[in-house]
Structure formats: structure tokens, C-alpha cells
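A quick note: this is a predicted structure, and the numbers were derived from the prediction, not measured. Any value given below was found using the heavy atoms of this structure, including those in side chains, with hydrogens, waters and symmetry copies removed.
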Amino acid sequence: MRKIEVVAAIIKKGDKIFATQRGYGPWKDWWEFPGGKTEVGETPEQALVREIREELSADIVIDKFLHTVEWDYPEFHLTMHCYMCSLATEALHLNEHEAARWLGADELETVQWLPADWDLMPLIREELR
């Protein structure tokens, strides 16, 4: 099985986290945390800063490592390193996603999360308390 390693930013502002909706591919319209693949020679943290600049035209502060999700999709095995982050500036622009929302703990189930991202919800609820 093919293996993919990615990083994801769980961007927190106050009592809400930032969720993005995929605009492409077989999982189009599902919701996820922004991020992407690590390039050769990058640390996960460097990859995350780069990916958020590319996807959201935003700068982030990585506050802490949260969890690594291991998930088997039909086509590949995903290893996703997830970090709690905050925005260095308020500006965000969706360069790759079709929509975004700030969600509180009681709103997490109002969107259709990708399976690997759904696995994080108990930890995120704790972070939002």
C-alpha cells in the first residue's frame, strides 16, 4: 500500500478552530484541517508553515504538537502529524479550498470531516475547553 506523510494545522482563535472544505479530488466537499505533504529536507514544522502560506496566504505560529494520526484510506496509508497553531496575522485567503468556517466545540459535527481528521475530534474538544 502506498504511504503518504502530511502535516495539518489546527488553527485556534479564541474558542474556535478553522476548518476548510476540499475543492478537488475524490474527497471534494469534505472538510479537513489545512496542511499538506512534507517535501524532502523539510521538518514537519517547516512544511506546515510553507503549506499554510501556500493554501491560505497566512503566517502561523505553531503552538504545540497535538497528535499523529495513522489512517488507512482505500488507496493509501496516511500518516498525519497535527499541530495546534495560531495566526500570526488575521488575514486568510482560500487559495485551494472552496469554503472555510470557524467552528466551536459544539459545531464540530456540523461538517463532514475526512475520516482521518474526524479521529482528532476528542482531542480538539479538549483543546477548546
Rounded to the nearest 0.5 Å, what's the gap from CG on Asp119 to SG on Cys82? Could you check?
9.0 Å
Spatial distance of atom CD1 (Ile10) from atom CG (Leu128) [nearest 0.5 Å]:
10.0 Å
Under the rule for salt bridge (charged side-chain N to carboxylate O under 4.0 Å, His left out), what residues qualify as partners of Glu5, not counting sequence neighbours?
none
What heavy-atom pair brings Glu55 and Gly36 nearest, and what distance separates the two atoms?
OE2-N, 4.4 Å
Taking Val7 as the starting point, is it possible to reach Leu56 by hopping between hydrophobic residues whose side chains are less than 4.5 Å apart?
yes
By side chain to side chain contact (heavy atoms under 4.5 Å, CB included), Ser57 pairs with (sequence neighbours left out) His93, Asn95
To the nearest 0.5 Å, how far apart are CG in Leu78 and CH2 in Trp71?
10.0 Å
Could you grab the distance from atom CD1 of Ile52 to atom CG of Asp59, nearest 0.5 Å is fine?
10.5 Å
If I compare all heavy atoms of Gly35 with all of Leu48, which pair ends up nearest, and what's the gap?
CA-CD1, 4.4 Å
What distance do Thr38 atom OG1 and Ile4 atom CD1 have between them, rounded to the nearest 0.5 Å?
11.5 Å
Taking all atoms of both residues into account, what is the closest heavy-atom pair of Glu32 and Leu114, and its distance?
OE1-CD1, 3.4 Å
Under a 3.5 Å distance rule, please check whether Gln46 uses its side chain to pair with a backbone N or O of Thr43 as donor and acceptor.
yes
So, Asp117 side chain and Phe33 main chain: donor-acceptor pair closer than 3.5 Å or not?
yes
Holding to side chain to side chain donor-acceptor pair (under 3.5 Å), I want the full list of residues that pass it with Lys28, two or more places apart in sequence or in another chain.
Glu98
What pairs with Lys37 under side chain to side chain donor-acceptor pair (under 3.5 Å), at least two apart in sequence or on another chain?
none
The side chain to side chain donor-acceptor pair (under 3.5 Å) partners of Gln21 (sequence neighbours excluded) come to none
Applying salt bridge (charged side-chain N to carboxylate O under 4.0 Å, His left out) to Glu70 and not counting sequence neighbours gives none
Could you pull out every donor-acceptor pair under 3.5 Å between side chains of residues 60-69 and any protein atom, sequence neighbours left out?
{"from": "Asp63", "atom 1": "OD1", "to": "Ser86", "atom 2": "OG", "distance (Å)": "3.4"}
{"from": "Asp63", "atom 1": "OD2", "to": "Ser86", "atom 2": "N", "distance (Å)": "3.2"}
{"from": "Asp63", "atom 1": "OD2", "to": "Ser86", "atom 2": "OG", "distance (Å)": "3.1"}
{"from": "Lys64", "atom 1": "NZ", "to": "Glu127", "atom 2": "OE2", "distance (Å)": "2.8"}
{"from": "Thr68", "atom 1": "OG1", "to": "His81", "atom 2": "ND1", "distance (Å)": "2.9"}

Any ring pair (Phe, Tyr, Trp, His ring centres under 6.0 Å) involving residues 35-55? Give me the pairs, sequence neighbours left out, ordered by first then second residue.
none
Can you name the residues that form a side chain to side chain contact (heavy atoms under 4.5 Å, CB included) with Arg50, not counting sequence neighbours?
Glu39, Glu42, Ala47, Glu54
Gap separating the CG atom of Leu120 from the CG atom of Leu108, nearest 0.5 angstrom:
10.5 Å
All pairs passing ring pair (Phe, Tyr, Trp, His ring centres under 6.0 Å) where residues 4-28 contributes a residue, at least two apart:
Phe18-Trp102, Trp27-Trp30, Trp27-Tyr73
Check for me, please, whether Met84 and Leu103 land in the same ILVMFWY cluster - side-chain distances under 4.5 Å, paths through other members count.
yes
With the side chain counted from C-beta on, respond yes when Arg129 and Asp15 share a heavy-atom pair under 4.5 Å apart, and no when they do not.
no
Would you say the side chain of Phe76 lies within less than 4.5 Å of the side chain of Lys3, judging by non-hydrogen atoms?
no
Minimum-distance pair of heavy atoms, taken over all atoms of Ala91 and Ala58
O-CB, 3.5 Å
Could you tell me which non-hydrogen atom of Ala19 sits nearest to which non-hydrogen atom of Trp31, and how far apart they are?
O-CZ3, 3.5 Å
What about Val111 and Leu94, same hydrophobic cluster or not, with Ile/Leu/Val/Met/Phe/Trp/Tyr joined at side-chain heavy-atom distances under 4.5 Å?
no
With Lys16 via salt bridge (charged side-chain N to carboxylate O under 4.0 Å, His left out) - residues at least two apart
Glu107
Indicate, with yes or no, if Val49 and Tyr83 share a hydrophobic cluster defined by side-chain heavy-atom contacts under 4.5 Å among Ile, Leu, Val, Met, Phe, Trp and Tyr.
yes
Glu96 and Arg22 ion-paired at < 4.0 Å:
no
Kindly write out the residues that satisfy salt bridge (charged side-chain N to carboxylate O under 4.0 Å, His left out) with Glu75, not counting sequence neighbours, or none if the list is empty.
none
